[in-house]
Asks: 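Here it is, the structure in full.
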Protein chains: 2
Amino acid sequence: MARRLSKELRQKELLRELEMDPLQTDEALAQRFGVSVQTIRLDRLELGLPEMRERARDLAEQAQQIRSMLISDLIGELEHLELGKSARSALTTEPSMGFARNTIVRGHYIFAQANSLAVAVVDAETALTASARLRFVRSVRVGERIVAEANVVSQKGNKHLVRVVSRVRGETVFTGTFIIVARAESDPTGRERA
Amino acid sequence: MARRLSKELRQKELLRELEMDPLQTDEALAQRFGVSVQTIRLDRLELGLPEMRERARDLAEQAQQIRSMLISDLIGELEHLELGKSARSALTTEPSMGFARNTIVRGHYIFAQANSLAVAVVDAETALTASARLRFVRSVRVGERIVAEANVVSQKGNKHLVRVVSRVRGETVFTGTFIIVARAESDPTGRERA
DNA sequence: GTATAATTAGGATCAGGTGCTAGGAGCTCA
DNA sequence: TGAGCTCCTAGCACCTGATCCTAATTATAC
């Protein structure tokens, strides 16, 4: 049974190996495990692992999704926007947004949604967050859908006071008060941020 | 010159097309533009664009980086950690962290680094952000390296007051005061967040 | 109408695979 | 000892999405 054990072990290692670095060819993997390329192919077949090019494509697609979802200027989907007045966006939370050891969504995703919305609602070429006060009222579980609503409370000069409330199924999970500064595109001296 | 113009136009379109969806083969692109595959190849050659498989690989590598960098529990690299007392982390900002229209880093990345650090410094199984006050003192440009320092100011029961200051080349760009709540792993009733 | 630029076509070759067939090594069991 | 089994290796034909190279055709400019 030493043979079979070694096979099982190799396949487990193979999984770990590909998780660490998915962009390895069968050739490289074969060398790494001291077996023939065919053996690696059989292993992949048994484990249902796709070939390197597919793995690359899958990852590439993920990257695009991540890019458009998490790294877009507005995090979450914009559902409503009345410039200078109010806005609403929805964010469906994903496992990648949670802590590694539990299913609680990490605060900066909730903040990111609220902050993006606060910046978006201000009617200006460039708007940056100057300061904020946040309250995380209740923890959010991975999979829950967060609806954030932003309202411009007041405006003095280029300073906008924006209030954001985020809810999950109607229950408030987060509130934040943002001071957003509108800045002319031509003004390069950054004194504030978003 | 209509031909040459059409060529220039096609190459511009090609760039935009591939930016939108990089996972297209020459074949598909040829059909899309109504030209032969060879023409697309020549265009790619002139524009210095890599083949589809390379594009996929590049994206895949990015995805891995994004995964490990932005979606890890601690954003930025931990440079120092004394549990319950202080911590320091560094974050080199990337183009993907900036706004689409300028090179200013968006606030939630700065917050994410600070928030992660504040949570990490608290010596507890699970620590969640309950509330925070933030000040974005100065805008950060893409490429700048942010060093965040967190100090536990006080502790009352399971509530920790953590102060975070983020600097770029010694200059303060962000300050935040976080109230972090430590929670026993066994307590499933989420009343606070991180 | 001819020079020049742009496009198309064809063939050889490559990487990194799939799918299939076949053979040998190593172990178990009777 | 040999049959039966799993596991590994090997070889060959084929596929996709490319490469590089040469040659021919078409469009446009002068």
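Bear in mind the structure is a predicted one, so any value in this text is a computation, not a measurement. Side chains are part of it too, since the values below use all heavy atoms of this structure and drop only hydrogens, waters and symmetry mates. Throughout, a chain's letter reflects where its sequence line sits, starting with A, and its residues are numbered from 1.
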Asks: Verify, without hydrogens or angle tests, whether A/Gln155 (side chain) and A/Leu161 (backbone) share a donor-acceptor contact under 3.5 angstrom.
Replies: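 No, A/Gln155 side chain to A/Leu161 backbone: no donor-acceptor pair under 3.5 Å.
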Asks: Kindly state which residues belonging to residues 14-31 of chain A come within less than 4.0 angstrom of DNA chain C, counting heavy atoms of the residue only, listed by number.
Replies: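 Under 4.0 Å from DNA chain C: A/Thr25, A/Asp26.
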Asks: Between B/Arg88 and B/Glu149, is there a donor-acceptor pair closer than 3.5 Å when you use the side chain of the first and the backbone of the second?
Replies: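 No, B/Arg88 side chain to B/Glu149 backbone: no donor-acceptor pair under 3.5 Å.
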Asks: Near A/Arg135 CZ, under 6.0 Å, is it more than 12 heavy atoms from other residues, nucleotides or ligands?
Replies: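 Result for CZ/A/Arg135: open.
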Asks: Are the charged groups of B/Glu144 and B/Arg138 less than 4.0 angstrom apart, N to O?
Replies: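 Salt bridge between B/Glu144 and B/Arg138, a charged N being under 4.0 Å from a carboxylate O: yes.
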Asks: Quickly, which of B/Leu9, B/Asp43, B/Thr39, B/Ile40 forms a side-chain contact (heavy atoms from CB on, under 4.5 Å) with B/Phe33? Name it, please.
Replies: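 Of B/Leu9, B/Asp43, B/Thr39, B/Ile40, side-chain contact (heavy atoms from CB on, under 4.5 Å) with B/Phe33 is met by B/Ile40 alone.
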Asks: Over how many whole Å does the gap from A/Leu9 atom CG to D/dC7 atom P extend?
Replies: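 So the two atoms are 13 Å apart, to the nearest Å.
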Asks: Can you identify which nucleotide, out of C/dT7, D/dC8, C/dG17, has its nearest atom closest to the B/Lys7 side chain?
Replies: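 Of the candidates, C/dT7 comes closest.
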Asks: Salt bridge or not between A/Arg145 and A/Glu79? Use side-chain N to carboxylate O under 4.0 Å.
Replies: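 A salt bridge links A/Arg145 with A/Glu79.
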Asks: Could you tell me the separation between the CD atom of B/Glu54 and the P atom of D/dA18, rounded to a whole number of Å?
Replies: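 Atom-to-atom, B/Glu54 to D/dA18, this comes out as 10 Å.
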Asks: How many whole angstroms separate atom CD of B/Glu8 from atom P of C/dA5?
Replies: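 One finds 14 Å between P of C/dA5 and CD of B/Glu8, rounded.
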Asks: Send over the distance from A/Arg53 CZ to D/dA18 C1', rounded to a whole Å.
Replies: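 Rounded to whole Å, this separation is 9 Å.
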Asks: Without decimals, in angstroms, what is the distance between A/Arg55 CZ and C/dG17 C1'?
Replies: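 Those two atoms, CZ and C1', are 11 Å apart.
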Asks: Is a salt bridge present between B/Glu19 and B/Arg16, judged by a nitrogen-to-oxygen distance below 4.0 Å?
Replies: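 Not counted as a salt bridge, because no side-chain N and carboxylate O are separated by less than 4.0 Å.
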Asks: Okay, side chain of B/Arg32, backbone of B/Leu14: is any donor-acceptor separation there less than 3.5 Å?
Replies: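 Between the backbone of B/Leu14 and the side chain of B/Arg32 there is no qualifying donor-acceptor contact (under 3.5 Å).
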Asks: On DNA chain C, does the nearest nucleotide to B/Gly34 precede the nearest nucleotide to A/Glu51 from the 5' side, or the other way round? Give the residue.
Replies: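 Here B/Gly34 is the residue nearer the 5' end.
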Asks: Give the residues of residues 36-47 of chain B touching DNA chain C, defined as any heavy atom closer than 4.0 Å, sorted by residue number.
Replies: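 Only B/Ser36, B/Gln38, B/Thr39, B/Leu42 qualify.
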Asks: Report the C-alpha separation of A/Thr177 and A/Arg163 in whole Å, then their side-chain angles, then the decisive distance to 0.1 Å, and conclude whether the side-chain hydrogen bond (donor to acceptor under 3.5 Å, both in side chains) test is met.
Replies: CA-CA 5 Å; A/Thr177 307; A/Arg163 177 114 185 111; 2.7 Å; yes
Asks: What's the CZ-C1' distance between B/Phe33 and C/dT8, to the nearest Å?
Replies: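 B/Phe33 atom CZ is separated from C/dT8 atom C1' by 18 Å.
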Asks: Given C/dT7, is OP1 or OP2 found less than 4.0 Å from the side-chain N or O atoms of B/Arg10?
Replies: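 Yes, such a contact exists.
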